[in-house]
Chemist: 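Before anything else, here's the structure in question.
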Number of protein chains: 2
Amino acid sequence: MSGTGEQGRADAPQGDAAPRRTRSGGPATIYDVADLAGVNPSTVSRALGKPGRVSAKTEARIRAAAAELDFRMNPMARALPTGRTNTLGLVVADITNPMVFGVVRGAEQAASQAGFTLVIAESQESGEAEATAIERILPGVDGIVLATTRLASDRISRLAAHKPVVLINRAVDGVPSVLPDVDTGVGDLVAHLDEHGHRTVAFLAGPTASWMSERRWAALLDAAEARGIAIVEIGPNPPTIDGGRAAYRRLRASHATAAIAYNDLMAIGVMQEAAAHGVDVPGELSVAGFDDIFGSELIVPALTTVRAQLVLAGERAVGQLLAMVGANGHDLPDDLLATTLVVRGSTGPAASA
Amino acid sequence: MSGTGEQGRADAPQGDAAPRRTRSGGPATIYDVADLAGVNPSTVSRALGKPGRVSAKTEARIRAAAAELDFRMNPMARALPTGRTNTLGLVVADITNPMVFGVVRGAEQAASQAGFTLVIAESQESGEAEATAIERILPGVDGIVLATTRLASDRISRLAAHKPVVLINRAVDGVPSVLPDVDTGVGDLVAHLDEHGHRTVAFLAGPTASWMSERRWAALLDAAEARGIAIVEIGPNPPTIDGGRAAYRRLRASHATAAIAYNDLMAIGVMQEAAAHGVDVPGELSVAGFDDIFGSELIVPALTTVRAQLVLAGERAVGQLLAMVGANGHDLPDDLLATTLVVRGSTGPAASA
DNA sequence: TTGTAAGCGTTATCAG
DNA sequence: CTGATAACGCTTACAA
C-alpha cells in the first residue's frame, strides 16, 4: 500500500452506470481499465492516447472498459512524464474591467476548443502582485498570455526565456504579441475631430506602466501634429471611471475642446463629471475613448470610441501559444488587428471658444 | 535516461541569478536542491512542505539551495501522491455577462489568497456544453464552483458525490450553496412599485433552466399577491439584452405598467426597445432589473434594480470549497446574502391607463 | 500489435 | 531528525 490518496468518497450511490470495481475504491486508472479489458496498462495508454497505435478490436474493448468504469485520465499523472500540462495561463490586470471580458472569452474558447484548460490570474494593476501571480501559476501551465501586463520589459523577456509567452497590447523585443493597428483608428479619430473644428485636444493618459497608453499617445501626437492640432497629455491616471473623473479638472483647465481618454472607462468618468458640473457633452466638450467596451453605447450621449477586437485578440494570443507549445496546425496571421472608429453622440462640433 | 521531457530551452542566457546546475538542464527538482544542500530529497520535501519537520540549520541550508537554484515545486508531481491539486474550478454560463465579473473576482481573490489556482470554464448557456466543460476540468481540480449552472439537479448531485461542489444562485438538496435573500429585495421592489400606483406588472423570465429565475418569480408572485397587484410571467427568454428586446412586444401587449426583468441585461434591452418605439421610461413604462451590473447606472434613465453581492458570493463560494477540501480554518457564515433595492430613474408613477 | 519496465517529481512510510 | 524506498498514474523506448 501507498501513502495517502483518501479521495475515495465511495459512499453515495453511484447514480448512473458506474459499477466501480477499482482496486482502491478511488477513481479508475488505466490499470483498472487494463484489467477489465484484459490487456496491459501501456496498451490502454496507447489506445486512449493517439488513435491507430493499437488494433481496432482491442481499442474497442478498451474503450468499452473505460466507459464502463467511467474512466478519465488523470491530467496530473499525464503531465509528469510528458512535461506538458495542457493548461494555459491568462494574466489580466483587472478582471472587472469590461475591456478584458472579450479577451477572456476569446482565450477561453480557443483554449477549450484545443482541449486546453485556462487558468486565470488577476494582478490588481500592480506589478508586484502580477509577478506573484505569474510565479504561482507558472509551473502548472504550458504557456502564458499576458493581457494587460504592468511588468517591466526585461522581466517579460526573462519570463519568455523559460516558458512560451504571448503578449496582448504590449510589445517586447523577441516576445510574440497580438497588437492592434492603433494608427488607423487614431488617424480616423483625429480626422473626425479636425473636421468638427477642434483645434486643441487633450489626451488623458492611463497608468505609467501601460505600454498601450504610450502607444496611443504617440499615435495621437503624430496625427495631431500632421494636422496642426494642439494636443496635450494629462496624466498618468488610473484606467478607471474614477481615474477619468479625477482628471476632469485638469482637463477643463487645459481649455481643450475635445478629450480623448486612454480607455472607455476613463471617458465615461469624464462624461459623468461633466454632467455633474453641468457641462454639456458634446456641446461644450467632446469626449472619446478606446476599446468600445460594454457600456459605451449605453451611456448618454453614447461614446465615440476606437473599437478594438478584443475577442479576436484573445483567440489569436492562445492560438499563438498553442502553436508555440506545438499543439495545433493553424496558420496564424500575424498582422495587426484592425481598429475602427465608432462615431456616436459624445463628439460633435467644437465649442466656439 | 527517460522518455521525453524536452522542456529545457536552456539557450537564452539566464538573465538574473540562476546558476542552474541541474541534472537535466530543465527546471530544478528537489533532487538538485538536495544535492546542493547535501541532504536527501525527502528531507527537502519535508523542509519545504510543512515547517518544523526538520532542524533549523538544515532547513536554512535547504532554503538557500532552493533559492540559488530558483527552485519551484512542481504542482503536478505534488498532486500525484497527495491527490490534491491546489486548484479550484469555476464554471460560468457566459463570461461576458457583467453579472459574472464580480463572482469571478471574488472567487479569484479568495482562491489565490489561499494559495489556490482558479481555472475557469464557460458553458455558453448550454447544459451539454457545461457538462463537457466540467468533465474536462474535473480531474484537475479539488473542487468546483458552479456559478450559473444550467445543469439538472440530479446531475449536480451526482457530481457533488464525487467532488466538493458549491453552488451560487442555485439550491440543490445536499449540495452547499451561496444564495441571496431574494425575498427582501423583491419585497422592497414590489412595495416601491405599489407606492407608485402600479396595479399590474409583468415579469420577464430568464431561461427555463435558471433556478434563480424561478426563485425570483416565486418571490414576486408572493409579494404581488399580498398586495393585490396583478402579475404575469412572460418567457422564458435568453438572459441577455437581445432577450429583453425580443420580449418587449409581449410585454406591451400585457398592458403592464411596470416590467421586472430577470436580470439587468434584459431590463436594458427592454429600455432600448422602448426608446426605439418612442415609449418613455418611466413615464409610460417603469422598468426594473436584478443584480446591479456595471452599466445599470450608465444607461439613461439609470436602472432601478435589486442589487446582489456578487463579489461576496464568489468569495464565500470558494471559502466553502476550501473548507470542504480542508484547506482553511475560517468560519463560514451560511446566512443568505443581503439584497438591496436600488431605486434609480427607470421606475416612477404608473402611467394613467 | 502488444507486453515489459524505467522514469517523471513529489510525498509518506519505515527504519535508523 | 534524517535517509531509504515504495508508491501516485501515466508515457514511452525497447523487446518480444
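Letters go in sequence order (proteins before strands), and every chain restarts at 1. Everything quoted here is computed from the prediction, not taken from an experiment.
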Chemist: Does C:dT10 have its OP1 or OP2 closer than 4.0 Å to a side-chain nitrogen or oxygen of B:Thr82?
Modeler: no

Chemist: Start at the 5' end of DNA chain D and walk down; is the nucleotide closest to B:Ser42 or to B:Ala77 reached first?
Modeler: B:Ser42

Chemist: Can you find a side chain N or O atom of A:Asn40 that sits less than 4.0 Å from OP1 or OP2 on C:dT4?
Modeler: yes

Chemist: B:Phe71 CZ to C:dG9 C1': how many Å, rounded?
Modeler: 8 Å

Chemist: Please state whether the phosphate of C:dT2, meaning OP1 or OP2, lies under 4.0 angstrom from any side-chain nitrogen or oxygen of A:Ser55.
Modeler: yes

Chemist: Rounded to whole angstrom units, what separation is found between the CD1 atom of B:Ile30 and the C1' atom of C:dG9?
Modeler: 6 Å

Chemist: Round to a whole Å and report the spacing from CG of A:Asn86 to P of D:dG9.
Modeler: 19 Å

Chemist: Which nucleotide wins on minimum distance to the side chain of A:Ser45, given the candidates D:dT2, C:dT11, D:dT11?
Modeler: D:dT11

Chemist: Please report, rounded to the nearest Å, how far the P atom of D:dC10 is from the CZ atom of A:Arg84.
Modeler: 17 Å

Chemist: Judged by each residue's nearest nucleotide on DNA chain C, which is more toward the 5′ side, B:Arg53 or A:Val54?
Modeler: A:Val54

Chemist: In terms of heavy-atom contacts, does CZ of B:Arg53 have more than 12 from other residues, nucleotides or ligands at under 6.0 Å?
Modeler: no

Chemist: Does OP1 or OP2 of D:dT11 have a side-chain N or O of A:Arg78 closer than 4.0 Å?
Modeler: yes

Chemist: So A:Val39, base contact, sugar-phosphate only, or nothing? Heavy-atom distance under 4.0 Å.
Modeler: sugar-phosphate

Chemist: Can you tell me the distance, in whole Å, between the OH atom of A:Tyr31 and the P atom of C:dA5?
Modeler: 12 Å

Chemist: Round to the nearest Å and state the distance from A:Ile62 atom CD1 to D:dT11 atom P.
Modeler: 12 Å

Chemist: Let's go through A:Ile137 and A:Ile144 carefully: what are the C-alpha distance in whole Å and the side-chain angles of both, what is the deciding distance for side chain to side chain contact (heavy atoms under 4.5 Å, CB included) to 0.1 Å, and is it a yes or a no?
Modeler: CA-CA 9 Å; A:Ile137 66 173; A:Ile144 290 208; 3.9 Å; yes

Chemist: Separation of B:Lys57 atom NZ from D:dC1 atom C1', in whole Å?
Modeler: 14 Å

Chemist: Rounded to whole angstroms, how far apart are CG on A:Asn74 and P on C:dC8?
Modeler: 18 Å

Chemist: Taking the nucleotide of DNA chain C with the closest heavy atom to each, which residue, B:Met76 or B:Arg46, is nearer the 5' end?
Modeler: B:Met76

Chemist: Is any side-chain heavy atom of B:Ser112 less than 4.5 Å from a side-chain heavy atom of A:Arg136?
Modeler: yes

Chemist: Could you measure the distance from the CZ atom of B:Arg78 to the OG atom of B:Ser45? Nearest 0.5 Å is fine.
Modeler: 7.5 Å

Chemist: Under the criterion side chain to side chain contact (heavy atoms under 4.5 Å, CB included), I'd like the reasoning laid out for A:Thr85 against A:Met76: C-alpha separation, chi angles, the key distance, then a yes or no.
Modeler: CA-CA 7 Å; A:Thr85 63; A:Met76 309 296 166; over 6 Å; no

